[in-house]
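First comes the structure, then the notes that go with it.
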Amino acid sequence: MKLKFLLTEADYLNEGSTIRLTGKDEKGRTVSILVDFEPYFYVLPNRIDSKIKEKILGIKEPKVKRIEEVEKIIGSEKKKLLKIFTFHPQDVPKIRDAIKDFPEIGHENCFEYSINFYRRYLIDNQFSPGEWFEADVEGGKAKKIRKTAPKKTKLKAMAFDIETYEEGPETKIIMVSIYGSLKKVLTYKESSYPDYVEVLKGEKELLERFVKLVKKEDPDVIYGYNSDSFDFTLIKERAEKNKVKLDVSRDGSELKFTRRARISSAEIHGRVHIDLFGFISNILSAQLQTEVLGLGEVSSEILGDEKLEMQLEEIFECWRKGNVAKLAEYCLKDSELTYKLGEFLLPQILELSKLVGQTPFDVSRMTYSQIVEWYLSKRAFATNRIIPNQPKFEEIKERRMRSPYVGGFVKEPIEGLHKNIAVLDFRSLYPSIIASHNISPETLNCNCCKGEKVPELEYNFCKKKKGFVSAVIEEIIKKRIEIKKKLRSKFDEKIHLEEKALKITANATYGYFAFPGSKWYCFECAQSSAAWGRFYIRKIIKEAEKEGFSVIYSDTDSVFLTSDKIKEKTKKFLTKINKSLPGIMELELQGFYNRGIFVSTRVGKGAKKRYALIDEKKNLTIRGFETVRRDWCNLAKEVQRNVLKFVLEKDDAQGAVSYVKDIVEKIKQRKIEMKDLVIYEQLTKQIKDYEQIGPHVIAAQKMKQRGESVGPGMIIMFVIKKGSGSISQRAEPFESVSVEDVDTDYYVNNQIVPAAMRVLSVLGVTEDGLKGEGKQMGLKRFGV
DNA sequence: CCGCTACGGGG
DNA sequence: GGGTACGTAGCGG
């Protein structure tokens, strides 16, 4: 029998040494096939002869299956090794343990003994989940599996979310929602509900119903948000307590947790459980504006959709007071957002799986470094190289202790307002450097040639032989360029995502070199990449100045230039500079801006980047200003934003000053709305546990005294009241204060004026100029 | 300045 | 058990 399927999952069965591949065929049917595979690892004895082979074959518990002699590349040398096959995957570490103390071998000469069996299978066959396969199946086992042309199939997805309630020492699940082809909320308190709510008898029945619905809906993919560490952890706990069998899988097995670095992952055989929070915090967060990675913040940014508003305490209140319909609506909305985020992100996850060659379950939980490492592992096998061993704990500790090296070059901004700005940056600076200068662990200080010296450092990299990592990166870059060309002629979402996966992987390699847990760790490689980066950006700065540009600011891989005839001059400059750069490196135009304001802020050692730009279409780009932080009141944030607008849109600092003075006046006359003065800060622990008592803690204490329940996670909304005592002592929950009682001086001096001054101080405005009555202030002139 | 602890997401 | 823990803000010393 022949089966064609999209591979979505790989694992192995404990008995025997059998890999199980799971996927989906063209007609949407689930495919699960078994295939035999032999576990093995490598050793490098000081001499290969019959004596050492006999010694290894003589190990009794467990027995070695057979030995092969193989040739593999270790570092930059070809070596003869022994490939030791075992009967069971679990035997590999045991036999390695027995061998590692052989004087002819030793610890550091055992290789690839800790690669999960199913991962080993994927690597050795160069098979990637997300690709299509054809299998010849006989007697329940696949005889032959090969890649085949991609077909179409739709993965059926479902999202879920739970609500909980603390009853004494126990946390109970009070509600579960699912969202997919079926939209449903399960709970166990009678109320008048919309028809998507189903009322069960209790928690046990709720869990049983949940299991039944998952099986009935039979999704291929299950999305949750923080579901590894919260939802499924609690579901498992409560299922054990209530003696409910959690056989939500496709093979009758129960939900199980697999141990991982920090967070255990909830695994459901036959269904890909994706905890979106993991992928978002590990990978996506770098591309997001929001600092807070809650479901609400992320949905709002990615989907433009919001959570229903409900404070933590309200959830409990809804349950206590029986307003469960509202809670059901809230819970379902969370599942809906999770579902939509999942559908948005799954194609990206599958594309990464395809590239890296590991399962979407694993890839969605990987960090940047792990993505790079598994991709390198796949390429290492393809190029007949040994995968280096994971560093031991002691080694990691030592690597951590290494003093940090010099990073990117930062040219402090020329403070003030500038006009006619061009922003240029290097396309993938570090990957291009790694590829063009052959930066790789095996090419560092090679002994085959003199090599190429790194600027500022006493290292050389080989000029004759391509290094492994540098070659892999070069492949990625070339593939990316090719894909980009294709995309320019015809846009295709799939290909676009493939391009993004390549970009993610290439860009992470520089950081990977310096990551203490790396198998291909190379501190000198990271140092050298950074040194070359500084060399190139300095070169750009120098050349730009020679061409008559004024360099306003530069950081690592970008320069901010200004001059007259900016567009014309920039285009000429780019053409000229790109001719002088090594083939793969390219300086690109990021954009032109009409105006920009730059502020230099020294915080301890490092300077923080703070600038704002406006382009021809009046789009604002704001970096480093506090317009988004919640510990500033809305009015302060609004004032800062408007001040930026005055300055950038109209080049009108004088107007900005009048505007701020007007606001200050309004505050003094209390012609202001309370909601604009409220400051939001989150309680992160119980009130009594605070030693450093900030204003929000004081406000929370006052709320508690009034009988309101306050606890961790709650966002305290407070204002500062007039009177005596420190500012903190005068923090009050905002509902209990009227505009007449707020401390206007505080809002003027500690909120509005500082927020405005962040922008205006570089234009020569003084604090007194903002507060005082009509005093004229001198405005400095900046720019060209 | 340094070292340690607790947090993140979820409810 | 084909093994194990992340990066960092914010506090206290």
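In the text below, chain A, chain B and the rest are named by the order of the sequence lines, each starting its count at 1. These numbers come from a predicted model, not from an experiment.
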> Is a donor-acceptor contact shorter than 3.5 angstrom present between the side chain of A:E112 and the base of C:dG2?
Replying inline: no

>> With a 3.5 Å cut-off and heavy atoms only, can you find an N or O donor on one side and an acceptor on the other between the side chain of A:R262 and the base of B:dG8?
In response: yes

Select base, sugar-phosphate, or nothing to describe what [X] touches, counting heavy atoms under 4.0 Å on all strands.
X: A:D231; value: nothing
X: A:I162; value: sugar-phosphate
X: A:I115; value: base
X: A:D334; value: sugar-phosphate
X: A:I396; value: nothing
X: A:Y12; value: sugar-phosphate
X: A:K307; value: sugar-phosphate

>> Please compare A:T367 and A:Y113 by the position of their nearest nucleotide in DNA chain C and report the one closer to 5'.
In response: A:Y113

> Do the side-chain N or O atoms of A:R259 get closer than 4.0 angstrom to the phosphate oxygens (OP1, OP2) of C:dG1?
Replying inline: yes

>> Side-chain N or O of A:R400 versus OP1/OP2 of C:dC6: is the shortest distance under 4.0 Å?
In response: yes

> In whole Å, what separates the P atom of C:dG10 from that of B:dG9?
Replying inline: 13 Å

> How far does the P atom of B:dG10 sit from the matching atom of C:dC6, given to the nearest Å?
Replying inline: 23 Å

>> Measuring from the side chain of A:F393 (C-beta onward, heavy atoms only), which nucleotide among C:dT4, B:dG10, B:dG11 has the closest atom?
In response: C:dT4

>> Just by distance, no angles: are the side chains of A:T367 and A:Q370 close enough, under 3.5 Å, to form a donor-acceptor pair?
In response: yes

> Going by distance alone, is a donor N or O of one side chain under 3.5 Å from an acceptor N or O of the other, for A:D161 and A:Y339?
Replying inline: no

>> Using modelled atom types and a 3.5 Å cut-off, is there a donor and acceptor pairing between side-chain atoms of A:R399 and backbone atoms of A:P516?
In response: yes

>> Can you confirm whether A:F102 sits close enough to A:I56 that some side-chain heavy atom of one is under 4.5 Å from a side-chain heavy atom of the other?
In response: yes

